[in-house]
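To start, the structure under review is shown below, and the notes come after it.
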Amino acid sequence: MNKNIRVEDQSLLRRDAFDAVAEAYDRARPEYPTRLVEDLIAFADIGKGSRVLEIGPGTGQLSVPLAALGAALVAVEKGPNLAKVARRKLSQFEHAAVVVADFDRCEFLPESFDMVVAATAFHWLDRSTRLQRCAACLKPGGVVAIVQTRWGIACKEDRFFAASQRCYARWDPRHNPAFRQIKPEDVPHQHDELFNSECFGKIIHRRYVCAREYNASQYCDLLGTFSNVLTMEPQCRRGFIACISDLIESEFGGRIVRHDMHDMWLARSL
Ligand SMILES: C[S@@+](CC[C@H](N)C(=O)[O-])C[C@H]1O[C@@H](n2cnc3c(N)ncnc32)[C@H](O)[C@@H]1O
């Protein structure tokens with residue numbers, strides 16, 4: 001990435017980078033754990049005919065199970081290519097629609113949804129307005145659901161994390177040698193923004209840690225959907241991916257296990 005680009009513009013480039021690899025994103029990004037989806041549905045009491053707004057559905061990782069319930073789903077996706085894939089996957093559900101739009105600028109009918117959900121997308125929204133906008137769309141008693149994903153957390157000693165740092169150091173000019181994997185216990189359980197909002201009642205938090213196994217090609221496909229990798233210079237990206245692939249094949253017998261963590265916060269509007 002060009003170091004002369006302003007920090008805010010770099011963030012926008014990262015946010016919009018997924019759209020260029022929509023099909024690869026769809027193949028590589030995992031679905032959410034069944035338990036997370038079940039907890040979300042149970043708490044929000046979502047079923048046939050419920051009105052659900054999803055922000056940043058990507059290619060439909062969470063949208064498909066929600067639409068399969070019979071919920072009337074409106075998914076607002078900024079990337080046209082991502083939206084195209086999501087539409088294809090949702091085409092069997094006549095009550096699901098994908099709209100290409102920027103949630104930060106959308107106008108919705110006030111109090112028109114039973115649930116507003118953002119899965120691994122809330123952090124890309126305008127922080128000065130995002131929660132207020134979610135609250136405005138919800139019927140009284142409607143639920144906001146925020147899912148945050150942390151890839152590659154430190155559950156136990158992770159030999160692969162340590163070894164892979166040399167690929168980052170070699171190929172990623174933004175690499176920070178002091179970077180360490182975060183431990184689950186160091187991730188706050190509280191969502192400060194929700195906690196400080198006056199629009200919502202009691203907040204529920206759930207945490208899901210998943211072990212996922214990859215071969216070299218699957219893991220490189222996943223890395224190729226991360227915004228920090230997508231925004232590397234092409235030559236660096238190719239070198240980095242080749243370095244990781246070689247590492248998995250030569251030092252890890254062709255397979256690695258990574259631990260990811262999904263935090264979900266749910267709150268009812270007052
Ligand atoms: C990391 S992806 C998550 C996609 C999917 N929900 C998932 O769980 O894999 C973030 C998504 O949010 C979308 N997005 C980011 N900012 C947005 C905005 N302001 N309005 C609508 N979509 C947005 C991106 O285009 C991208 O599809």
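Everything quoted here is computed from the prediction, not taken from an experiment. We count ligands from 1, going down the list as the structure has it; atoms in each ligand are counted the same way. Numbers here are sequence positions counted from 1.
Between Arg88 and Glu23 there is a salt bridge, with a side-chain nitrogen of the basic residue lying less than 4.0 Å from a carboxylate oxygen of the acidic one. A salt bridge links Lys89 to Asp26: one of the charged nitrogens lies within less than 4.0 Å of a carboxylate oxygen. Using a cutoff of 4.0 Å between basic side-chain nitrogens and carboxylate oxygens, Asp260 and Arg212 are scored as salt-bridged.
Between Tyr25 and ligand 1, at least one N/O pair is under 3.5 Å apart. Residue-to-ligand polar distances keep Arg29 apart from ligand 1: every N/O pair is separated by 3.5 Å or more. Taking any N or O of Ala119, backbone or side chain, at least one lies under 3.5 Å from an N or O belonging to ligand 1. At least one N or O atom of Phe103 sits closer than 3.5 Å to an N or O atom of ligand 1.
No part of Ala118 comes within 4.0 Å of ligand 1, judged by heavy-atom distances. Residue Ala101 touches ligand 1 through its backbone alone, judged by heavy-atom distances below 4.0 Å. Within the 4.0 Å heavy-atom criterion, neither part of Val147 lies near ligand 1. The proximity of Gln61 to ligand 1, defined as any non-hydrogen pair under 4.0 Å, is limited to the side chain.
Checked by atom type, the side-chain pair Tyr219/Arg258 shows a donor-acceptor distance below 3.5 Å. No side-chain N or O of Arg207 forms a donor-acceptor pair with one of His262 less than 3.5 Å apart.
Of all the atoms in ligand 1, the ones that sit under 4.0 Å from a non-hydrogen atom of Thr120 are 1 (C), 2 (S), 3 (C), 8 (O), 10 (C). For ligand 1 and Tyr32, the ligand atoms under 4.0 Å from any heavy atom of the residue are 7 (C), 8 (O). Close contacts between ligand 1 and Phe18 involve ligand atoms 1 (C), 26 (C) [criterion: under 4.0 Å to a heavy atom]. Within ligand 1, the atoms closer than 4.0 Å to a non-hydrogen atom of Leu82 are 25 (O), 27 (O), numbered from 1 in the order shown.
Heavy-atom distances between Asp102 and ligand 1 reach below 4.0 Å in at least one pair. For Asp104, the closest heavy-atom approach to ligand 1 falls below 4.0 Å.
Heavy-atom contacts from other residues, nucleotides or ligands closer than 6.0 Å to CD of Glu157 number 12 or fewer. Surrounding CZ of Arg127 are at most 12 heavy atoms belonging to other residues, nucleotides or ligands under 6.0 Å away.
Considering only non-hydrogen protein atoms, atom 11 (C) of ligand 1 sits nearest to Gly56 O, 3.7 Å.
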Inset, instruction - For Lys139 and Asp114, run salt bridge (charged side-chain N to carboxylate O under 4.0 Å, His left out): C-alpha distance rounded to whole Å, both residues' side-chain angles, the deciding distance at 0.1 Å, then the answer. - result: CA-CA 6 Å; Lys139 297 177 185 171; Asp114 299 295; 3.1 Å; yes
